[in-house]
Structure formats: C-alpha cells, structure tokens
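What follows is a short report on a single structure.
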Amino acid sequence: MTVLSGQDLPRDGEALQGAALHARLERTWGDAPGLWGWLTTTDHKKIGRRYIVTAFVFMALAGVLALAMRLQLAGPEKALMTPDRYNQLFTMHGTTMMFLFAVPVMEAMAIYLVPLMIGTRNISFPRLNAFSYWMYLAGGILLWVAFLLNIGPDAGWFSYTPLSGPQFSPGKRVDIWAQMITFTEVAALAVAVEIVATILKQRAPGMTLSRMPLFVWTMLVVALMVIFSMPSVALGSGLLISDRLIGTHFYNAYEHGDPLLWQHLFWFFGHPEVYIIFLPGAGFVSHITETFTRRPVFAYPAMVLSLVTVGLLAFGVWVHHMFATGLPRTGYAFYTAATMAVSIPAGIQIFCWIATIWDGRPRFKVPFLYVFAFIFTFVIGGLSGVMQASVPIDLQVHDTYFIVAHFHYVLVGGAVFPLLGAIDYWFPKVTGRMMGEALGKVSFWLVFLGFQVTFFPMHLLGMWGMPRRVYTYPTGMGWDEMNLIATMGSFALAAGFVLYIVNALNSARRGAIAGPNPWDAAGLEWATASPPPQYNFAHIPVVTSRTPLWDNRNHLPVMTGLRVDDREVLLTTVMDAVPDLREPSALPSIWPLASALATTCMFIASIFTPWAVVIGTFPIAAALIAWFWPKGPMSPEPVIE
Amino acid sequence: MSALPPKFEGDLAELPTHAFGHRSLTWWGVVAFFLIEGTAFGLAIGVYFFLQGLENSWPPEPWKPADLLAGTLFTITILLSEIPSTIVKRAAERHDLATVRRWMLVLIPFFVLLLVFRAFEFNSLNVKWDDNAYGSIIWTLLFLHLTHILTDVADSLVLTALIWTKRGGENRRIVDVSENAMYWRFVWLTWIPIYLLIYWVPRWVK
C-alpha cells in the first residue's frame, strides 16, 4: 500500500489561490448536475435554503387556515364551516405553525448560517442533515394530505388525553398527528446533533467560546434544549399511539393509567419548545442590532449568561401550563416563582439591546425596524406571561382568548418578527441581491400594525370571558366588535406577508447586486462571496476578536493546507478553537433519501398495524447499511502510522 | 472567492487526519445520541414511578413480579460482553487490526445469547402490555431496550464485516470501532436501572 505524507496531496496555499483554487474547490465540493445532484446534495446551504422555503410554504398554509377561522369568528353565529371542520382548522393551524414552521425554520436558519458564521466548509454529519430534511418534508406532507382527505387531526395542537385517546377519538386523525410528531422529532433531533457538533468542533482557529457570534451561542443553547426536551414528546406520543393501537393503558384512568401523565410529558417538551423558538430570534436581533447601530452588542457576557439561564429555566416551568389541573400548594408556589424568574434574564437581554441602540449610530433599514417591532411586541407578551404566572389570574383566564393573545405576542413578537428581519438582513448573502427597501417598509408596517390590530383585542375578549377553541359565539355577549376588529387586522397582517413574499421573490431576480458585505457587518459570513461558493471559504479564516471584519478592514487572516482534491474540514478544540485535526466531510449520496423513504413507509404503515414496525425495519436497516458502507476510492492518507 | 485579500498566517497540512475520543467528530455525534436516548430512558423511568405512585401495591394485585431467570442471565451475559468489547476498544486505539478482527468475532456469540435471553424475558414478565398500566410500562421499558440492543447488534455486525475487508485498515474505520465499543457501554449501563425496575423494584416495594 502506498504511504503518502501529508505534503504530497494538493492543498491550498500561496502556490494555489485565487481563480485556480476556486476552480479546484468547485470540482471537489460541487454537486452532480440536474435532478440527481438536487436529490443527493449534502451542502448545508442548499439543504438550509430548501428547509427555509418549505417551512414558509407550511406557514402560508397554516396562515390561510387562520384567516378561515377569523372569517368564521368575524361575527356571532356565523356558519361558514361545521364545528368539526373548525376543530380541524385550529388543530392544523397550531400543529403546522409549531412543528412544521417555527422549530424547523429556526433550525434551517442555523443550518445555513452557522457553518458560515464559524468559518467552516460544511456542517457536521452532512448526510444526516439531508436525511433530516426528507423526514421533515415527509411528516409535513403526511399531515396535510391527511387534512385534505378529511382525516386531519382535531384534538388541538397539544392533543390532550383523554380526548385524544382511543375512547373519544376513534378513527385515524390523532394517529396521523402523533406520527407527524415522530417525523418532525427525528428531523429536529438530527439537526440538533449536527449543530452541537459543528459549533463545538468546527469553529475557525481563534474563535474561542468567548468570541462566538451570539446567534451561534443561541443555537448551541437551542440545540441542547432540543436534545433534552424533544425525547419527551416523542415518548409521550409513542405511548399515545400504543394506547390507541395495541391497547396499552398509560393514559387510561380505568386501568390505573392517568391522562395527566400526557400533560406532564407534553409540557416538559412544550415549554422548552417556546424558548427553542424564541432564542434564535434573540440571536437574530443581536446581529441586526450590532450591524445597524455599528457597535458591538452591549455586555456580551451578560447576553450569553442570559441565554444559558433562559435555557435552563425553560425546564423548570412546564407545570405552569397545568395550574388548572389542581396542584399541591408548594407546587403552585414553586412554578409561579420559576416562571417569574424567567423575566430576569429575558429583561437583561432587552436592556442590553436598548443600551446597544442608545450607544450606537442607528441606521433605520428594514431589518432594524423589525428589531423595534420585536422589542415592543415581545415586552407586551412577556408582561402578560408574568401576569399568568400568578395562579389566581391564570385560573381566571385559562383557556380564554387572553391566552391566545399572550402566546401570539410572544411567538410572533419574539420569533417571527426577528425572523422576518433576519431574512431581509441575510437575503443578500443567500441570493447575492438586496431585498427591496420601499416594499419592505410597506410590508413591515402592514405586518406590524396588522398584528397588533388582530391580537390586541383578544386580550380584552379573553378578560370578557370568550373561551378559545369555540367555533362560534351567540349574539349579545359583547364580543362582536372586538372579533370583527381582529378579523380585519388579520387580513392586513396577511396582506403584509403577501407583500413580503412578493418582495423576496422579486428581489431574488431583480434586486440590486449586493457584494460580499453590503451592510458593513462584522461577522465571518460576510467575508465570503454572496451567494457563497459551495465550499464557503477559499482558505480557512482565522479569528482574533468578536467582530473580525471590523478589526481587519484590509485583509482576512487565513490558514492554508486543507486538501483540495477531497472534501476536508478543519476540527479545532472545544474551548479555544486551536487547530487539531483534518477530517473528511461526506460526499453527496442518495442513501439519506432512500433511508428517509424507508422510514416514512414504516412510520405511516405503523398507524395501521403494529407489524409494520417489525417488517418495516428491514428496508430501513438495508438503506442505512448502504449509507454507511464506505464507497469510492480508498483514502490516500497514510494508512498505518 | 473571498472578498478581502487573504493574509496567510499558518498551515494545517501537517495536522493528523484522525484521533480517538473527544477530538473526533464521531465521538461528539455518539455522545449527543447518548444524551437523546438517555433522556428518553430517564423519562420512561419517570413514567414508571408516576404510574407506581397511583397504585396501592406494585405490581397491582393479583399480578406477580416478573420471573428472574431470563433477565438475570441476560444481565450477566451483557456485563461479561464488556470484556471482549474492551479488548476490541483498546486494540483499536493502538491500531492492532489483527486483534480487533479476532475479538469482534468473539462478540458475535454474546449477541446471539443476548437476543435469545431477551426473547425469553418477554415471556417471563407475568403480565401483558394491555392488562393494566403496570404491564404497559414494564413492556415498554423492555421493548425500548430491545430496540437499543438490536440497533447496536446490527451496527456491530456490519462493522465486523467491514473490518474484515481491505478497508478495515483505514483510520476512520478504526475510530468507528472504538466509538462503537463506547456505545456498547451505554447499552449495558442503561440496562442496569431497567433491569432493577422490571425485576427487583416490584419485589422490594410490594
């Protein structure tokens, strides 16, 4: 066997740079042309983009359902739809927004951005990343095809037992819901593993933990939260399916199970889920604020500690969703205190952003406007959250429109506004073109004001006693005007979204050419071309501060020596990011798609017969073995050292 | 192509291309999956105690606790299997391919015995999954661990086949062998509390 020294293989360096290096790396990192390349790619940018577009398609679908619900509720005793259809609509709306839009889109932003922000060529475990996308897509299609076939779930996005159990929900609707959970959990957990490994091991030389961009910090916390919380809903929905399919009794009180067990398992996941959605938003806001105030974010260590604290506290507050189920007195006291405690780190973050803006030189571009929308809306949502931490208030407003108002303020204010700002902000990096500023401002004001007009009246409706999840209400309750106002607001909000999408599609083709760093931002993702080449960086960048591009205006410090004839990534040490190893990065492969298809067949068939789990395992195993079996030429690196 | 001209500050060509333990990416992937699976097992154990708290006796009258023989033989076998597994791990880390190949074969009879004992375990629980909530959680714990065993046995068999091909000498494969042996430790470590919960806690608490 030939033994080669590390120096005998082609590498980048002073002898190989510029156009020649670009051509060489394009050959190594490029995908096959056409459909085959599209199906087999392991590039984090392509998969991330695909994930983001799919998530927005699901958001649009769920948004249409919301409009249908608002039309039904625009006045009393309307009969646009049956109560059964209405039940399906609010279940599909919540389920789609939470499981098919909010969590996937945040992870998708990380799939695209994190490798660029930390200066590496690809995400870790790129084939797992491809697999994750196909699983997510299959789960979403399952849910929506079922809905179109009139077997859409109808027990609410949290599917409480005993309503969702075999006794009260016969048929397959809840099984579809529970199995969709399995799909999306597999997808989300796979991405979480990739993100943790990428962040801890693939940062550019010199990017110590204390120099990590704040979005990368938020995604590290979020990925760990996914790892510790999603198994809970996966287990819970697995037990639910088994109660429904093979007659176990986990949630069956008659055989000494307990429906409340479901609430514990669901909310042990469900509360961290809220912060899984909101924390990436905090990351977006930090980057946008820094760039548009031309000042590093105020009190970086306090920001990081707050993020970590929110992540930890998230696991100690799930019972506040269960105040109305009856708790021991200490339980009430503990979960009230824990819930109120969350407002401390959240408040610190808000003050840090305000201080950054105060001390900076703000430029009021569209992404920055969303920061203000975020602060305004999220603070209101946070305050109504603190109100509900108090048990007497919670018992009063439980299951009313006050709750609907609260969580839309937190989730739309805390996650969707920053996300819209983030897409406007990173759009030039992804497409190479700027998003239109004028149309951007029009859509911003429609979205922002439309949102307030839709959801603010719901606080009042809730306090006036209107319960959530009712398909209509009688005249004379005093709820008519506020419902009509909310419906009008929802159409303004929807118009804002449509304009936003039109602006994005239009700008992708005709927007002004952006260049590598159109906003004069500080992060590494702006050091490469827009859109970035498939290999991300020609040479591996070296980092010496938290704002590398502001501190190196004339050149980019880099390291050379990765192979250019094979896909190779640099691994660095966990704390200090000292260069440590060169490891290969996976080539394109069809097997992640094949494995996802095999898993999809097994998951769907298992709704109908438990034997699917036994039989379906074999095609999955075969596809996974084909995936892992090494192919292609042997490694030319030294074999025996 | 980079927007700013590069300034060369060092070269990475002489870095090694593989390492064991936390220096490798594989290790971090495996540890993350430990955390996911460990959380799932921890929550399943939580469900066990939640349901136990609803009962006056455990197992509820008139059910009997599971018979000990099959589960105990399984436990002894899986603990003994750590010996060849450790030999494989250590041999991998000193690049002793011949020992790795031989001792990975030695593990196969252990796998066969474990699967046979596991089959008998399901037959010795003295309760069906649909009898009551006690039966449901006992079966679920055993089933969850069965999937754990099956995944790692399948994984180990594929790796054994791979290590006997000419690719077995590649450094990446040797690292895989080491991480696979680490995963096996997790498989039997999670079994110990589950063994106690299925077989002994019902005898201790009554």
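Order of the sequence lines fixes the chain letters, A, B, ..., with proteins taken first and strands second; residue numbering starts at 1 for each chain. From a predicted model like this one, the values you see are computed outputs, not experimental measurements.
The shortest side-chain heavy-atom distance between B:Arg23 and A:Leu581 falls under the 4.5 Å cut-off. Residues B:Trp28 and A:Leu200 have side chains in contact (heavy-atom distance under 4.5 Å, counting atoms from C-beta outward). Taking the side chain as every heavy atom from C-beta outward, A:Val193 and B:Ile36 approach each other to under 4.5 Å. The shortest side-chain heavy-atom distance between A:Leu261 and B:Leu51 falls under the 4.5 Å cut-off. Two residues are said to be in side-chain contact when any heavy atoms from C-beta on lie closer than 4.5 Å; B:Leu15 and A:Pro579 meet this criterion.
Proximity to chain B is absent for every atom of A:Glu194, based on heavy atoms less than 4.5 angstrom apart. Heavy atoms closer than 4.5 Å to chain A are found nowhere in B:Asp155, neither backbone nor side chain. Heavy atoms closer than 4.5 Å to chain B are found nowhere in A:Leu21, neither backbone nor side chain. Heavy atoms of A:Leu571 lying under 4.5 Å from chain B belong exclusively to its side chain. Residue B:Ala154 does not touch chain A at all, counting heavy-atom pairs closer than 4.5 Å. Contacts of A:Leu570 with chain B are made by side-chain atoms alone, with heavy-atom separations under 4.5 Å and no backbone atom involved. Residue A:Val574 touches chain B through its side chain alone, counting heavy-atom pairs closer than 4.5 Å. Using a 4.5 Å cut-off between heavy atoms, A:His539 contacts chain B through its side chain alone, with no backbone atom that close. Only the side chain of B:Phe50 comes within contact range of chain A, with heavy atoms under 4.5 Å apart. Both the backbone and the side chain of B:Glu9 come within less than 4.5 Å of a heavy atom of chain A.
Smallest separation of non-hydrogen atoms from B:Leu25 and A:Phe125: O-CZ, 3.4 Å. Taking both residues in full, the closest heavy atoms of B:Ala40 and A:Leu235 are given as O-CD2, 4.2 Å, listed atom of the first, atom of the second, then distance. Nearest heavy-atom pair across B:Thr165 and A:Trp629 is CG2-CZ2, 4.1 Å. Counting all heavy atoms, side chain and backbone alike, A:His256 lies closest to B:Ala133 at O-CB, 3.4 Å. Here the closest non-hydrogen pair linking A:Pro231 and B:Leu43 is C-CD1, 4.0 Å.
One N or O on the side chain of B:Trp129 and one on the backbone of A:Ile246 form a donor-acceptor pair closer than 3.5 Å. No donor-acceptor pair under 3.5 Å is formed between the side chain of A:Arg582 and the backbone N or O of B:Thr17.
Ranked by heavy-atom pairs shorter than 4.5 Å toward chain B, the options A:Ala621, A:Pro630, A:Ala197 are led by A:Pro630. Of the listed residues (A:Phe628, A:Tyr251, A:Phe250), the greatest number of heavy-atom pairs within a distance under 4.5 Å of chain B belongs to A:Phe250. Most heavy-atom pairs under 4.5 Å with chain B, from the set A:Gly257, A:Ser530, A:Pro541: that is A:Gly257.
Of the N and O atoms on the side chains of A:Glu583 and B:His18, not one donor lies less than 3.5 Å from an acceptor on the other residue.
B:Glu121 is linked by a salt bridge (Lys or Arg N to Asp or Glu O under 4.0 Å) to B:Arg118, counting only residues two or more places apart in sequence or in another chain.
Aromatic rings from B:Tyr134 and A:His249 are positioned such that their centres are separated by 6.0 Å or more.
Residue pairs meeting the salt bridge (Lys or Arg N to Asp or Glu O under 4.0 Å) criterion with at least one member in residues 176-202 of chain B, sequence neighbours excluded, are B:Glu82-B:Arg185, B:Arg173-B:Asp176.
None of A:Asn517, A:Val558, A:Asn552, A:Leu556 except one satisfies the side-chain contact (heavy atoms from CB on, under 4.5 Å) rule with B:Leu4; the exception is A:Leu556.
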